Amino acid sequence: MVKQTIQIFARVKPTVRKQQQGIYSIDEDEKLTPSLEIILPRDLADGFVNNKRESYKFKFQRIFDQDAKQEAIFENIAKPVAESVLAGYNGTIFAYGQTSSGKTFTITGGAERYSDRGIIPRTLSYIFEQLQKDSSKIYTTHISYLEIYNECGYDLLDPRHEASTLEDLPKVTVLEDPDQNIHLKNLSLHQATTEEEALNLLFLGDTNRMIAETPMNQASTRSHCIFTIHLSSKEPGSATVRRAKLHLVDLAGSERVAKTGVGGQLLTEAKYINLSLHYLEQVIVALSEKHRSHIPYRNSMMTSVLRDSLGGNCMTTMIATLSLEKRNIDESISTCRFAQRVALIRNEAVLNEEIDPRLMILRLQKEIQELKDELALVTGEQRTEALTEAELLQLEKLITSFLEDQDPESKLEVGADMRKIHHCFHYLKKLLTDKKIHGPSRAPFSEVKDQVNQGPSTEEEYKKLREILQQRDNEINILVNMLKKEKKKAQDALHSSSMDRGEPRRSQSSPFPPGNPEGLRTLPLSAPTQAQDSSVIQYRSSLLHRKTGVREEMSLGRQEAFEIFKRDHADSVTIEDNKQILKQRFSEAKALGESINEARRKIGRLKEEITQRHVQQVALGISENTTVPSAPDPMEEKLRSQLEEEKTRYKTMFMRLKALKVEIEHLQLLMDKAKVKLQKEFDAWWAEEATSLQVNSPPVNLFNHVKPFPQTPESQHKRSQLLSNQSDVYTRKILPSPGPLLHSQEQSSTGTRLEDSIAKRPVSSVPLTGDSQTDSDILAFIKARQSILQRTGCQ
Ligand code: ADP
Ligand code: MG
């Protein structure tokens, strides 16, 4: 059992404005527990909450100032927790602070750079690396991702996350068993066998969260998110399973109601966040007071879920995120105060071990059989029925491996069954007789030599030559087989590399330019990993495809508008940067993959040379009638050292490629996410534009100012159909307002691109198709273009 108080750390977010400095200072002198002093600016000090005080001092385990890197945060805060989780203890890391103080940045990471990845991806990477290193245990990893919003739980990894709002999803509910253990109903657990799979789940959850978020509910600041890694481990053959959970928690913004005190829904939400943080505070106060018997965990969903993390069986760490600017002074002080209370809570973490009943049953069954056998032997009660074919075969296999085992201590264990023991003796006897009869033909070389010395007869000479011939034949066969295998390998490699080149892109919605070398996915990492990877990638891309799928149904006009929207969007620089980095990484990976293949071929060649050398030596020994020379062969030694060198090189490159693969995967996920965000913002903007068009356009006489369609009889017919179709409200409403507006559009358009030329034209010259949906989209596009030009200052 490990007793420990909750560890508290502080992280100060970089400030944009320099003059904000001087508001706080960090005292690192007190090495063991550094302190953070928040100094009240003079103009605030007087009227501030706490009358005349000018500064406040808070102690933390460690304080990370503005320049602290994500790497340092992981190394100092998360790594020790991850280590104890690997050892079998529960762990929790939660970030607490006001909105925009850096909670999400710390827990999940920034959306722009790979180096900005936060605690979750780094912890996953670390855990999977450790699991791979430790072959003494069998590990299983599962992931769950829960969001708590307005006191309701939602499963961010629910496969039914088609729903566009959180409220459409089945609620996750808390159940308590008689032993007061908490169970979460409707929260799915997903097995992740690799870092990539786990990372995919994280991004899937984040994307789902973003999709469900509307400007009104701003879920990212108003909800709590709990990403949990469930780890179980077991030694092979043992029935004891160790289970540990690691919760990585991004809490809702801790700001007070007073600040968000607006009417309507926001107030309800503010009340809920504060209610649930208020209950968290209550639980923490209760826990920090000695001799409190009742801890009000049940008051809120979050405290129920985190019950073990707070005052229970868990190693818990809190990160207080601070945005130390003048206007945030009071919130920062309250965050620090909260942390001081949290630091008083003492947890007792125990190893969570349990017996796996299935394995226990198997073990007991085996033991029972052994006891029965022993009993039968002691009481002399013999079994008489004959051994089955399978049992006989099994016994013979056992005998063969027993005879082949070089270890003089090895035992032939057949149990206490007399029938088996008898059969073993029979079988051994048979082998011995066979050997006697056919013995001379299998005589070792030394015997052959003796016979030769005894005076060679033509008969014996002939026999000996035949044997040597036979051996040569065997050697040739072995070599031919080896050659065949090598050839096949080379062909396979050629085949798979050509497959790589021909591999289609993931989906049409891919953010990459065509021709991107994405062969990395089939680079020579282990085969099962590839298979799983591709399934997860498919899963992910199908999800993102669904999320971004709207585009494919877009009409031309809307697509064009989307292209411009994308080009002018602030995120486009980041996307473009990441694209470039990805391209670089891809070519790096490709080059590395080629070097790895080359190293592999070289290793194969060296191995082959060594074998050949060996065969030659043996053959030399035979033909000269001497045994294999015991002195080391310098040529072989040289080949071996070359082989070792090549293997080391291969390993280094392989590790680098693996790291590169994770980085590429991460960057792709970041870009996919950015893309979904862009699409979402575009849709919102488009809807907004459409609504404003509806409002501005008079619903009647729409076609008075639009030049008639090309006067083919067919189009006339279509048009009259369109006009008479009174139910086509959308078409009527979305058409732009007449005359003056269109005129001004014509004058203001400046570009020369296709979309410009369309936008430039008065509606009268726009080639309407007669298809209501397409026409309305074209017209709406013109209006959209106008609005974009206004927004980007091109007007
Ligand atoms: P919260 O989750 O607390 O509301 P965020 O993590 O979203 O806050 O941070 C708000 C903004 O500040 C984001 O754009 C984020 O990238 C940025 N940010 C936060 N902390 C840091 C940091 N330590 N370094 C750089 N940028 C940061
Ligand atoms: Mg956040």
Side-chain angles (χ1 to χ4, degrees), residues 9-18 20-21 24 26 36 62-78 93-122 145-149 156 202-203 205-210 212-213 215 217-227 248-256 259-260 269-270 273-274 276-277 280 302 318-325 327-328 331-332 334-336 338-339 569-571 573-575 577-578 666 670 673-674 677 681:
F9 294 90
R11 182 182 201 183
V12 184
K13 184 186 146 174
T15 42
V16 190
R17 279 159 293 186
K18 282 272 170 279
Q20 298 284 353
Q21 286 169 5
Y24 73 99
I26 296 169
L36 172 77
R62 230 182 124 157
I63 299 156
F64 294 89
D65 208 354
Q66 302 190 23
D67 51 1
K69 297 271 171 293
Q70 296 283 64
E71 169 82 31
I73 298 287
F74 169 75
E75 285 291 327
N76 292 287
I77 303 179
I93 301 175
F94 69 93
Y96 181 99
Q98 70 184 109
T99 295
S100 202
S101 58
K103 295 181 296 295
T104 306
F105 187 84
T106 302
I107 296 289
T108 306
E112 294 184 8
R113 281 173 297 269
Y114 181 61
S115 57
D116 280 349
R117 67 199 191 287
I119 286 178
I120 300 179
R122 284 173 197 269
Y145 205 176
L146 169 72
E147 173 164 25
I148 301 174
Y149 176 63
L156 287 176
L202 167 68
F203 275 81
D206 281 347
T207 310
N208 279 334
R209 188 185 189 199
M210 184 167 69
E213 185 182 65
N217 73 23
Q218 283 279 307
S220 62
T221 63
R222 297 169 194 281
S223 65
H224 316 282
C225 272
I226 306 179
F227 183 89
L248 300 167
V249 189
D250 185 355
L251 290 176
S254 60
E255 49 274 4
R256 311 281 119 177
K259 261 199 175 172
T260 39
E269 283 163 359
I273 331 163
N274 282 284
S276 92
L277 285 179
L280 177 67
M302 205 209 354
M318 167 186 170
I319 307 172
T321 53
L322 302 162
S323 169
L324 279 163
E325 295 189 23
R327 64 195 155 95
N328 293 331
E331 288 299 345
S332 304
S334 99
T335 299
C336 290
F338 182 76
H569 196 279
D571 286 354
V573 183
T574 315
I575 295 181
D577 280 357
N578 276 340
H666 194 103
L670 280 180
K673 210 166 122 184
K677 182 168 167 254
E681 285 177 15

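All of these numbers come straight from a predicted model, not from anything done at the bench. Counting starts at 1 for both ligands and their atoms, in listed order.
For Asn208 (side chain) and Leu156 (main-chain N/O), a donor-acceptor pair under 3.5 Å exists by modelled atom type. Side chain of Asp65 to backbone of Ile26: no donor-acceptor contact under 3.5 angstrom is found.
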Could you walk me through whether Asn328 and Gln98 pass the side-chain hydrogen bond (donor to acceptor under 3.5 Å, both in side chains) check? CA-CA 9 Å; Asn328 293 331; Gln98 70 184 109; 3.2 Å; yes
Go through it in stages, so that I can follow the logic: the residues are Leu36 and Leu322, the test is side-chain contact (heavy atoms from CB on, under 4.5 Å), and I'd like the CA-CA distance, side-chain angles, deciding distance and then a yes or no. CA-CA 11 Å; Leu36 172 77; Leu322 302 162; 3.5 Å; yes
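Here the shortest heavy-atom distance to atom 27 (C) of ligand 1, taken over Tyr96, Phe64, Phe105, belongs to Phe105.
Salt bridge annotation for Glu71-Lys69: absent, with no cationic side-chain nitrogen under 4.0 angstrom from a carboxylate oxygen.
Taking backbone and side chain together, Thr104 holds an N, O or S atom under 2.8 Å from the Mg ion (ligand 2).
Not one N or O of Thr321 is nearer than 3.5 Å to an N or O of ligand 1, by distance alone. Between Asp250 and ligand 1, a contact under 3.5 Å exists for no N or O pair. Of the N or O atoms in Thr99, none lie within a sub-3.5 Å distance of an N or O in ligand 1.
Near Ser100, with a cut-off below 4.0 Å to any heavy atom, the atoms of ligand 1 are 1 (P), 3 (O), 4 (O), 8 (O), 10 (C). Shown in contact with Gln98 at under 4.0 Å from a heavy atom are these atoms of ligand 1, numbered in order with element: 3 (O). Within the listing of ligand 1, atoms 1 (P), 2 (O), 3 (O), 4 (O), 6 (O), 8 (O) sit less than 4.0 angstrom from a heavy atom of Lys103. Contact atoms of ligand 1 toward Arg11: 23 (N) (distance under 4.0 Å to a heavy atom of the residue). Close approach of ligand 1 to Gly102 is summarised as follows: ligand atoms under 4.0 Å from at least one heavy atom of the residue are 1 (P), 3 (O), 5 (P), 6 (O), 8 (O), 9 (O), 19 (C), 20 (N).
Heavy atoms of Pro14 found under 4.0 angstrom from ligand 1 belong exclusively to the side chain.
A heavy-atom separation below 4.0 Å is found between Ser101 and ligand 1.
Geometrically, Arg11 does not engage Phe9 in a cation-pi contact defined by less than 6.0 Å to the ring centre and at most 45° from the axis.
The ring pair (Phe, Tyr, Trp, His ring centres under 6.0 Å) check on His569 picks up Phe565, with sequence neighbours excluded.
When ring centroids are compared, His666 and Phe203 come within the 6.0 Å threshold.
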